[in-house]
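Input: a single structure, listed below in structure tokens.
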Amino acid sequence: MSVLDEVPATEADSAVPDSAALYRTIRFIRRFEERAVELVKAGEIRSGIHPCIGQEAVAAGAVATLDADDVVLSSHRGHGHLLAKGCDPARLMAELAGRATGIDRGRGGSFHPSDFSANVFNATGTVGHGAAIAAGIGWAAATAGSPRVVLSFFGDGAVSQGALLEGFNLAALWRLPVVYVCENNGYATTLPAGAAIAGTVVGRGEAFGIPSSSVDGQDAETVYAAVREAVVRARSGGGPSLLEMRTYRYHGHHTFELKTRLRYREQSEVDSWLGRDPLLIQAARVAEDERARVDAEVEARLDEVVRFAVASPYPDPATATDHLHADGLRPRPGSAR
Amino acid sequence: MAAPVIDRSATASSVRSLTLGKALNLGLRTAMEADPKVLVMGEDVGKLGGVFRITDGLQKDFGEHRVLDTPLAESGIIGTAVGLAVRGFRPVCEIQFDGFIFPGFDQIVSQVAKLHNRTLGRVKVPMVIRVPFGGGIGAVEHHSESPESYFAHTAGLKVVACSNAVDAYWMIQQAIACDDPVLFFEPKRLYHSGFMKADVDTAATPQPLFASKVLRRGSTATVVAYGPSVKVALDAATAAEEDGHSLEVIDLRALSPLDLGPVFESVRRTGRLVVVSEAPSEASLSSEIAARVQQECFHSLEAPVLRVTGFDTPYPPAKLEEHFLPDLDRVLEAVDRSLAW
Ligand SMILES: Cc1ncc(C[n+]2csc(CCOP(=O)(O)OP(=O)(O)O)c2C)c(N)n1
Ligand SMILES: [Mg+2]
């Protein structure tokens with residue numbers, strides 16, 4: 001009997017992905033990011049963003065395998081993870097724009113948002129930090145007898161960080177219900193993955209006895225199938241898995257690249273990945289009239305999202321000392337005097 | 001390896017007008033020419049020339065063996081640099097942003113700081129860790145922080161901060177030539193500011209590295225600052241002139257060891273001190289300065305030492321950073337409070 005036969009029943013537990021739903025998620029993330037880039041250009045998102053355009057199939061396919069109660073740990077390129085998990089897009093856009101109506105009142109921004117209503121536990125902006133935190137959350141779930149799993153996203157840059165490998169070791173040692181998803185988009189900022197990683201991403205997991213494989217990250221349904229198997233394993237006590245998603249970002253590392261044109265990728269490389277656009281791959285699986293309906297609905301929703309974010313106020317500077325301590329302790333008044 | 005070919009055609013004289021960023025670049029280049037043991041290493045520093053372009057062109061001119069693009073691994077970068085340094089190299093590590101020094105923090109406080117002492121002086125650790133620090137670039141937490149006090153607090157480390165192009169050019173070379181490990185803090189928001197351009201005379205004699213500097217003489221009150229806050233202090237001094245106040249402005253430059261002699265001398269004349277720093281005030285360099293000044297200048301002080309600093313909170317969202325960062329008004333207000341004491 002394979003682990004697949006002894007899966008506890010869960011809402012999202014379907015071996016067959018919902019093609020139309022995946023299409024909508026990908027379309028929504030794509031257009032959300034494009035609208036966010038426009039807001040960066042317009043000066044509404046002051047810090048800029050790390051757009052995930054080109055990588056939407058990973059977020060859509062992976063998160064679709066989860067239940068609402070499962071937990072996602074995101075990364076600095078994480079808007080897609082949040083949206084796929086059900087985060088309110090208007091409040092996410094407001095968060096990117098640093099507004100008081102944002103999911104974290106502007107404090108998380110694009111880089112470190114959390115949305116507890118959607119069970120997204122923080123994007124850890126420090127690359128590599130999430131892997132051990134995911135192990136701890138997984139441990140807490142497992143000891144409580146809960147079937148909950150944790151999905152931990154990070155980039156190819158993270159596999160060179162010691163903290164990430166410590167997390168892998170602990171998750172494997174204690175057979176914790178964590179699914180590690182490495183979005184290998186080929187670059188860490190401007191450094192090609194080949195110039196950074198000795199061995200392979202998959203080899204990092206295998207070294208700890210973690211079932212590890214490399215997956216086509218441009219095809220949401222392939223992603224879904226691979227992550228589902230790992231989620232099922234985690235839910236049934238089989239411990240962690242590592243999935244390397246081969247993907248690509250179509251935009252720069254960060255929107256600062258709109259101003260500073262950096263040359264570190266060949267146009268032919270970008271073009272070849274554009275030929276494997278996750279949006280088009282998924283679109284081919286959905287009837288044209290259905291797509292037209294989804295596209296119009298997404299656009300109308302995003303109009304509202306942008307209107308909401310831009311119209312929202314900035315946080316009152318006086319709130320800066322809120323939530324420093326669980327007991328409400330604040331810095332000494334006039335501590336800077 | 002072929003000797004680097006440096007194009008100097010545009011600048012026949014020894015004086016050139018440089019931004020702070022370009023001055024650092026030239027200082028690094030000069031140090032690399034002078035000593036083949038000087039290496040530059042860090043994330044995106046080679047082919048790209050660094051996210052702030054401070055190492056621009058160095059890999060092209062000195063080769064991949066002297067300018068290394070490292071993986072995203074601060075602990076690994078600093079640890080490797082320690083190994084190189086104890087074997088005679090002079091590595092210069094770039095930390096991409098202030099807030100990302102912490103994965104390497106353990107190596108710094110446990111190894112970099114202690115090896116010389118622990119080996120009874122038998123090994124030297126002549127490495128430089130360059131850290132773009134401070135806010136004002138519209139970025140977020142981790143990209144705008146001022147962690148210098150952690151390092152000044154650690155015995156065995158030397159810590160400096162430059163505030164202008166001339167110092168940047170000389171201080172980076174002096175830090176590289178120093179036989180001890182030096183944490184080198186650079187005010188990132190001034191890197192490319194045309195306003196901070198200065199005439200750098202590469203034939204001049206620099207002042208010693210671990211020495212503070214009086215930038216402006218005055219008699220009403222003393223204002224001490226370092227890094228990005230020096231510009232704020234100077235702007236405040238210019239504005240205070242209109243109110244008939246003459247502020248003495250001192251750039252600390254050396255954060256560990258502190259060179260407070262000129263500060264004591266100044267405070268004995270003015271009787272008043274305002275310390276300006278972007279770092280939160282609790283248990284910080286600004287506390288250390290206040291404590292030592294009250295000890296050394298107790299009978300000269302007309303008012304308590306006042307501090308204008310970042311607040312004791314995490315760095316705020318981009319749109320609120322102007323409230324967090326010390327600015328001209330907050331410095332002037334502190335001067336007024338000191339005068340009204
Ligand atoms: C510990 C740490 N060092 C440096 C940085 C600065 N930084 C932000 S993103 C990034 C590259 C990350 O590459 P990767 O993990 O491949 O993710 P991608 O950006 O490609 O999605 C770097 C170096 C950081 N966030 N954390
Ligand atoms: Mg990457």
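So you know, we letter chains A, B, ... as the sequences are listed, proteins then strands, and number each from 1.
Every residue two or more places apart in sequence or in another chain that forms a ring pair (Phe, Tyr, Trp, His ring centres under 6.0 Å) with B/H143 is listed here: A/F111, B/F97, B/F100.
Top candidate by heavy-atom pairs under 4.5 Å with chain A, chosen from B/L320, B/D44, B/L48, is B/D44. With respect to chain B, the highest number of heavy-atom pairs below 4.5 Å among A/R105, A/Q161, A/R99 belongs to A/Q161. For the set B/H142, B/E43, B/R53, the entry with the most heavy-atom pairs within less than 4.5 Å of chain A is B/H142. Ranked by non-hydrogen atom pairs under 4.5 Å with chain B, the options A/G98, A/P317, A/A320 are led by A/P317.
Minimum heavy-atom separation, A/D156 to A/I197: O-CD1, 3.9 Å. For the pair A/V58 and A/G217, the tightest heavy-atom approach, listed with the atom from each and the gap, is CG2-O, 3.5 Å.
Heavy-atom distances place no part of A/H254 under 4.5 Å from chain B, backbone and side chain included. Of the two parts of A/L324, only the side chain, counted from C-beta on, holds a non-hydrogen atom closer than 4.5 Å to a non-hydrogen atom of chain B. Using a 4.5 Å cut-off between heavy atoms, B/Q96 contacts chain A through its side chain alone, with no backbone atom that close. For chain A, the nearby parts of B/K319 are the backbone and the side chain; heavy atoms of each come within less than 4.5 Å. For chain B, no part of A/S110 is nearby; none of its heavy atoms comes within less than 4.5 Å. Only the side chain of B/P103 comes within less than 4.5 Å of a heavy atom of chain A; its backbone N, CA, C and O stay farther away. Interface residue B/T313: backbone and side-chain heavy atoms are both found under 4.5 Å from chain A. Heavy atoms of B/S284 lying under 4.5 Å from chain A are absent altogether. For a residue to count as touching a neighbouring chain, one of its non-hydrogen atoms must lie under 4.5 Å from one of that chain's; by this rule B/V51 touches chain A with the side chain only.
A/L262 places none of its side-chain heavy atoms less than 4.5 Å from the side chain of A/H253.
Between B/E288 and B/R292 a salt bridge is recorded (basic side-chain N to carboxylate O distance below 4.0 Å).
Looking only at distances, no side-chain donor or acceptor of A/E257 sits under 3.5 Å from a matching main-chain atom of A/H251. Not a single donor-acceptor pair under 3.5 Å links the side chain of B/S75 to the backbone N or O of B/G104.
Side chains of B/S286 and B/S281: a donor-acceptor N/O pair is absent below 3.5 angstrom, by distance only. Between the side chains of B/S146 and B/D98, no donor-acceptor pair of N or O atoms lies under 3.5 Å.
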